[in-house]
Amino acid sequence: MKLNIFYFKRTGILLFTCMLFSVSSYAQGLKVAAAANLQSIIEVLQKDFKQRTGIEIEPIVGSSGKLVAQIKNGAPFDVFLSADMSFPQELYKEGFSAKVPVVYAYGSLIICSSQNIGFQNWERMLLTPRIKKIAIANPAVAPYGLAAEELLKKNGILENVKSKMVYGESISQINTYITTGVVEVGFTTQALVKDPANKTPLFWKVINPKSYTPIQQGIVILKHGEKNPDAEKFYQYILSAPAKRIFEKYGYRIQ
């Protein structure tokens, strides 16, 4: 009998420990990997989501490609908000996500500067000696950089301006280059100029969306968040009307 009592006590302790670990893992908050172009908007979404659900999220912001590499290396993210669809689709095909990715918004590419240099004929302007540095995000890991490179190629000036190009690992780095005047001009997301937190006067022009492959931004629940009910709630929130209104306010297109 003593052995049985000891066994049940020991089993009870183990069960309690497992339950405690499970609860504490979710108590740490919902980990959301967010593309760098969402840096300004993720805090707004975070606040609105908490007000509606009481759930706190922990955003981890970086270039989509770098976040994918972290996910594949075991980073404990629950939800992934990508700057395109190719990265979340890749994760789904390789078994890192629990759901098929869906589009939550369409990105808007702009050409931007802290100087009033005029963008009426920006293609020709980039070729002039006045423009010494052009910032774009690394096309290998940042979808907005890929869109910018595609745009320059379509306009037949990519090779002519390559010597002027300054690459950043993410859109947030490009935004820093633009707002600090490190470069004369850069290609970035419209969210930069829509962000109330940005106090730098900026001059910009929206690039015709037909000039580059649509920037379909995708969301997916990752394997780590599959059993976390908060992950599903955040997923549904991002696709909801209130979240869409926030995205539109920050220059994203919703279809």
Side-chain angles (χ1 to χ4, degrees), residues 34-43 61-67 82-84 87 105-217 247 249-253:
N37 69 285
L38 299 174
Q39 186 169 26
S40 58
I41 193 175
I42 194 65
E43 292 182 6
V61 180
S63 66
S64 294
K66 289 291 182 67
L67 290 172
S82 176
D84 74 348
F87 284 124
Y106 289 80
S108 180
L109 185 69
I110 65 169
I111 185 169
C112 185
S113 177
S114 59
Q115 305 172 29
N116 187 10
I117 55 181
F119 292 116
Q120 291 80 6
N121 191 340
W122 62 265
E123 300 94 330
R124 182 173 295 177
M125 180 263 293
L126 293 183
L127 298 172
T128 65
R130 181 181 182 182
I131 305 301
K132 297 177 176 61
K133 294 179 181 178
I134 304 166
I136 76 166
N138 182 354
V141 295
Y144 279 80
L146 186 63
E149 189 176 70
E150 179 187 1
L151 172 71
L152 294 171
K153 188 174 182 179
K154 280 187 177 180
N155 281 278
I157 60 173
L158 178 61
E159 294 303 319
N160 300 88
V161 299
K162 265 195 171 180
S163 61
K164 301 182 178 185
M165 289 168 74
V166 176
Y167 294 93
E169 284 304 303
S170 68
I171 276 294
S172 57
Q173 189 172 15
I174 296 304
N175 292 344
T176 299
Y177 289 161
I178 294 170
T179 56
T180 57
V182 171
V183 299
E184 285 79 20
V185 67
F187 289 92
T188 186
T189 169
Q190 193 175 354
L192 170 63
V193 296
K194 296 288 185 178
D195 184 3
N198 174 53
K199 304 304 180 184
T200 304
L202 295 173
F203 304 87
W204 54 283
K205 178 183 176 67
V206 175
I207 301 297
N208 186 342
K210 295 181 180 179
S211 302
Y212 54 89
T213 302
I215 304 174
Q216 297 179 310
Q217 305 211 176
F247 280 113
K249 182 180 178 181
Y250 278 75
Y252 294 90
R253 293 182 294 112

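It should be emphasised that the depicted structure is a prediction, and the values quoted were computed from it without experimental measurement.
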What distance do [X] atom [atom1] and [Y] atom [atom2] have between them, rounded to the nearest 0.5 Å?
X      : Y      : atom1 : atom2 : value
Leu151 : Tyr144 : CG    : OH    : 14.0 Å
Ile117 : Phe203 : CD1   : CZ    : 9.5 Å
Gln217 : Tyr106 : CD    : OH    : 11.0 Å
Leu158 : Ile136 : CG    : CD1   : 7.5 Å
Thr179 : Leu192 : OG1   : CG    : 7.0 Å
Tyr177 : Ser172 : OH    : OG    : 10.0 Å

Just so I know, are the side chains of [X] and [Y] near enough to count as touching, which here means a heavy-atom distance under 4.5 Å?
X      : Y      : answer
Glu184 : Arg130 : no
Phe187 : Leu152 : yes
Val61  : Leu38  : no
Arg253 : Pro209 : yes
Tyr212 : Lys154 : no
Cys112 : Val193 : yes
Ile41  : Tyr252 : yes

*Determine yes or no for a side-chain-to-main-chain donor-acceptor pair under 3.5 angstrom, with Lys164 supplying the side chain and Ile131 the backbone.*
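Such a contact is found between Lys164 side chain and Ile131 backbone.
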
*Are the side chain of Ser64 and the backbone of Ala83 linked by a donor-acceptor contact shorter than 3.5 Å?*
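Flag set: sc Ser64 to bb Ala83 pair under 3.5 Å.
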
Any idea which heavy atoms bring [X] and [Y] closest together, and the distance?
X      : Y      : result
Thr200 : Ser114 : CG2-CB, 4.4 Å
Gln190 : Gly251 : OE1-O, 3.4 Å
Ser63  : Glu169 : CB-O, 3.1 Å
Glu123 : Asn155 : OE2-OD1, 3.4 Å
Ala35  : Leu67  : N-CD1, 4.0 Å
Val206 : Ser108 : CG1-OG, 3.8 Å

*Report the C-alpha distance between Ile215 and Thr189 in whole Å, list the side-chain angles of each, state the deciding distance to 0.1 Å, and finish with yes or no for side-chain contact (heavy atoms from CB on, under 4.5 Å).*
CA-CA 10 Å; Ile215 304 174; Thr189 169; over 6 Å; no

_Glu43 CD: over 12 foreign heavy atoms closer than 6.0 Å_ =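 Not buried by this count: 12 neighbours or fewer within 6.0 Å.
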
*Where do Val183 and Ile134 land on the side-chain contact (heavy atoms from CB on, under 4.5 Å) test, with the steps shown first?*
CA-CA 6 Å; Val183 299; Ile134 304 166; over 6 Å; no

*Apply side-chain contact (heavy atoms from CB on, under 4.5 Å) to the pair Leu146 and Asp84, showing each step before the final yes or no.*
CA-CA 10 Å; Leu146 186 63; Asp84 74 348; 5.8 Å; no

*asked:* Can you tell whether the side chains of Lys153 and Glu150 come within less than 4.0 Å, N to carboxylate O?
replied: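 Judged by the 4.0 Å cut-off on N to carboxylate O distance, Lys153 and Glu150 do not form a salt bridge.
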
*Under 3.5 Å, is there a donor-acceptor pair between the Asn37 and Tyr250 side chains?*
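There is no such pair (donor and acceptor under 3.5 Å, judged by atom type) between the side chains of Asn37 and Tyr250.
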
*Mind checking side-chain hydrogen bond (donor to acceptor under 3.5 Å, both in side chains) for Asn175 and listing every partner two or more places apart, or none if nothing turns up?*
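Thr188.
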
